[in-house]
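In the text below, chain A, chain B and the rest are named by the order of the sequence lines, each starting its count at 1.
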Protein chains: 2
Amino acid sequence: MPVELDKTDYKILRLLQQDGRTGNAEIAKRVNVSAATCHRRTQRLFEDGYIQNVRAQIAPDKVDRGALVMVGVVLDRSTPESFGAFEAACRALPFILDCHLVAGDFDYFLKIRVRDMADFNHLHGDQLIALPGVRQTRTFFVMKEVVDNAPLAF
Amino acid sequence: MPVELDKTDYKILRLLQQDGRTGNAEIAKRVNVSAATCHRRTQRLFEDGYIQNVRAQIAPDKVDRGALVMVGVVLDRSTPESFGAFEAACRALPFILDCHLVAGDFDYFLKIRVRDMADFNHLHGDQLIALPGVRQTRTFFVMKEVVDNAPLAF
DNA sequence: ATCAAAGTGAAAGAATATTGCATGCCTGTA
DNA sequence: TACAGGCATGCAATATTCTTTCACTTTGAT
């Protein structure tokens, strides 16, 4: 089925990535196809999983999540069980935006959003170092968000 | 004007964050207000900047961006000019998803999406170390994306 | 040349969004 | 307590937009 997308499909993807509320008629106009065709194309992009979902981006500071923190984590042991337990725990923590297993000086990298530094300190003491198998964490407070979650270029 | 959002507003925000294509009628039903009220509330959330935008999330591997890399960067000098030049350059590179000025062992943290490791290596040699003022970079290849860009909890 | 897949415009019907308006609810004031 | 102003709300009418169907055309591969 993945008959390799054509130029029109890519344009639709880019438009929807830029503004997911763009109407079908509008998209059709911009990519130069009829509304009917555009509608079917877009539908297919959803059905075939090219578009995972459409999400509103909430302004973090407007909902008291203005502080961003990156955390490097090292685990006690490098066993599959240890990794599994840590990952499961991470998935359950709502303030963790990213959790990635990496190669290098750390085992995991976390991206966390909280209200402020004080909030993070509580959370760090209460929840992060208490995560299963954590030996050490290294915290990098974000002082300036130069680019955050930029749209994917392709 | 920010008269502090009420429970209904928060519900609307959460619904739209989960699925930005949810129709007004549907939202109204789920938050128990009339379509008219819901429409006006939603409109206000956009106008007042609570919702920055609505974006389709494209499946990275479907558009040849299946590889994720975190990069720590240290600059030569810590002057405002140096920082400014580096940031401007980062904003212009489309493969950089995140670029954050941090406190700690690095000056900046980057989150980058490319096709594969080979692709990253080219890019690292050609573009990253060539960024203005870069003294050193440390690369962390992501081996497993446990949580990526999770919705904001609030 | 021929077939099949995909596209196109037009049109109708369904579903949504949007707006006007009268009502009800607080709040502050007399 | 009574009352006026400012708002948010629901209902209902209106305006838009979406979605599908149909008959016909284009495109591309064989």
Side-chain angles (χ1 to χ4, degrees), chain A residues 1-66 149 151-154, chain B residues 1-65 151-154:
Chain A
M1 13 265 82
V3 195
E4 189 61 48
L5 303 185
D6 67 12
K7 232 153 198 181
T8 298
D9 294 312
Y10 279 111
K11 281 190 198 167
I12 294 175
L13 285 179
R14 290 198 191 91
L15 283 175
L16 287 176
Q17 188 181 213
Q18 182 182 46
D19 182 358
R21 290 175 22 118
T22 310
N24 185 65
E26 175 70 14
I27 299 176
K29 203 179 304 169
R30 299 220 216 160
V31 302
N32 292 311
V33 293
S34 72
T37 296
C38 184
H39 184 261
R40 279 183 292 248
R41 294 269 196 144
T42 304
Q43 205 166 249
R44 194 168 69 84
L45 291 173
F46 275 93
E47 286 168 356
D48 293 352
Y50 288 92
I51 300 176
Q52 298 178 321
N53 56 50
V54 178
R55 293 212 316 236
Q57 317 275 306
I58 311 300
D61 56 304
K62 293 269 192 172
V63 292
D64 268 324
R65 293 295 180 278
N149 196 25
L152 194 55
F154 55 90
Chain B
M1 15 253 75
V3 195
E4 189 63 47
L5 303 186
D6 66 12
K7 229 150 201 185
T8 298
D9 293 313
Y10 279 112
K11 281 188 197 168
I12 294 174
L13 285 179
R14 290 197 192 91
L15 283 176
L16 287 176
Q17 187 182 215
Q18 183 182 46
D19 182 358
R21 289 170 29 113
T22 309
N24 184 65
E26 175 69 15
I27 300 177
K29 202 178 305 170
R30 298 218 217 160
V31 302
N32 292 312
V33 293
S34 72
T37 296
C38 184
H39 183 262
R40 279 182 289 247
R41 293 267 195 146
T42 303
Q43 205 166 246
R44 195 168 67 85
L45 291 173
F46 275 93
E47 286 168 357
D48 293 352
Y50 288 92
I51 299 177
Q52 298 177 322
N53 56 49
V54 177
R55 292 211 318 235
Q57 316 276 308
I58 311 300
D61 55 306
K62 293 268 193 175
V63 292
D64 268 323
R65 293 296 180 275
L152 194 56
F154 55 90

K.L.:
Using whole Å, what does the distance between atom C1' of nucleotide C:dA6 and atom CG of A:L5 come to?
P.N.:
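Result: 15 Å.
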K.L.:
Does any part of the side chain of A:T37, heavy atoms only, come nearer than 4.5 Å to the side chain of A:R41, both counted from C-beta?
P.N.:
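A:R41 vs A:T37: side chains touch.
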K.L.:
What integer distance in Å separates B:Q43:CD from D:dT9:P?
P.N.:
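After rounding, the reported distance stands at 13 Å.
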K.L.:
Return the value, rounded to whole Å, for the distance between atom CZ of A:F46 and atom P of D:dT19.
P.N.:
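Computing the A:F46:CZ to D:dT19:P distance gives 10 Å.
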K.L.:
Round to a whole Å and report the spacing from CZ of A:R44 to P of D:dT19.
P.N.:
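One finds 17 Å between P of D:dT19 and CZ of A:R44, rounded.
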K.L.:
Taking the side chain as every heavy atom from C-beta outward, state whether B:L15 and B:D19 have any pair of such atoms under 4.5 Å apart.
P.N.:
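Side-chain contact under 4.5 Å: no.
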K.L.:
Inspect the contact between A:K62 and B:D48 and indicate whether a charged nitrogen and a carboxylate oxygen are less than 4.0 angstrom apart.
P.N.:
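Looking at B:D48 and A:K62, the cut-off is not met.
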K.L.:
Whole-Å distance between C:dA6 P and A:D6 CG?
P.N.:
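After rounding, the reported distance stands at 11 Å.
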K.L.:
So what does A:R21 hit on the nucleic acid, given a heavy-atom distance under 4.0 Å: a base, only sugar-phosphate, or nothing?
P.N.:
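A:R21: no heavy atom of the nucleic acid under 4.0 Å.
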K.L.:
Atom NZ of A:K29 to atom P of D:dT16: distance rounded to whole Å?
P.N.:
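Going from NZ in A:K29 over to P in D:dT16 covers 13 Å.
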K.L.:
Closer than 4.0 Å, any side-chain N/O of B:R40 to the OP1 or OP2 of D:dG10?
P.N.:
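Negative; the distance criterion is not met.
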K.L.:
So, taking the atom named CD in A:Q17 and the one named CD1 in A:I12, what distance separates them when rounded to the nearest 0.5 Å?
P.N.:
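The CD1 atom of A:I12 is 14.0 Å from CD of A:Q17, to the nearest 0.5 Å.
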K.L.:
Taking CD1 from B:I12 and P from C:dA17, how many angstroms apart are they, rounded to a whole number?
P.N.:
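B:I12 atom CD1 is separated from C:dA17 atom P by 13 Å.
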K.L.:
Relative to the 5' end of DNA chain D, which residue comes earlier, A:T22 or B:S34, by the nucleotide with the nearest heavy atom?
P.N.:
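In this pair, the answer is B:S34.
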K.L.:
Between C:dT8, D:dA8, D:dG10, which nucleotide gets closest to the side-chain atoms of B:V33?
P.N.:
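Ranking C:dT8, D:dA8, D:dG10 by closest atom to the B:V33 side chain puts D:dG10 first.
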K.L.:
D:dT20 C1' sits how many Å from A:H39 NE2, rounded?
P.N.:
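To the nearest whole Å, that distance equals 9 Å.
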K.L.:
Verify the contact: side-chain N or O of A:T37 to OP1 or OP2 of C:dG7, cut-off strictly under 4.0 Å; return yes or no.
P.N.:
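It does not, given that no N or O in the side chain of A:T37 lies less than 4.0 Å from OP1 or OP2 of C:dG7.
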K.L.:
Which residue, B:A36 or A:C38, contacts DNA chain C at a nucleotide closer to its 5' end, judged by nearest heavy atom?
P.N.:
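It is A:C38 whose nearest nucleotide is closer to the 5' end.
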K.L.:
Between D:dT19, D:dA8, C:dT8, which nucleotide gets closest to the side-chain atoms of A:N24?
P.N.:
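For the A:N24 side chain, the nearest candidate turns out to be D:dT19.
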K.L.:
Sub-3.5 Å donor-acceptor pair from the side chain of B:R21 to the main-chain atoms of A:G20, do we have one?
P.N.:
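No: the side chain of B:R21 does not pair with the backbone of A:G20.
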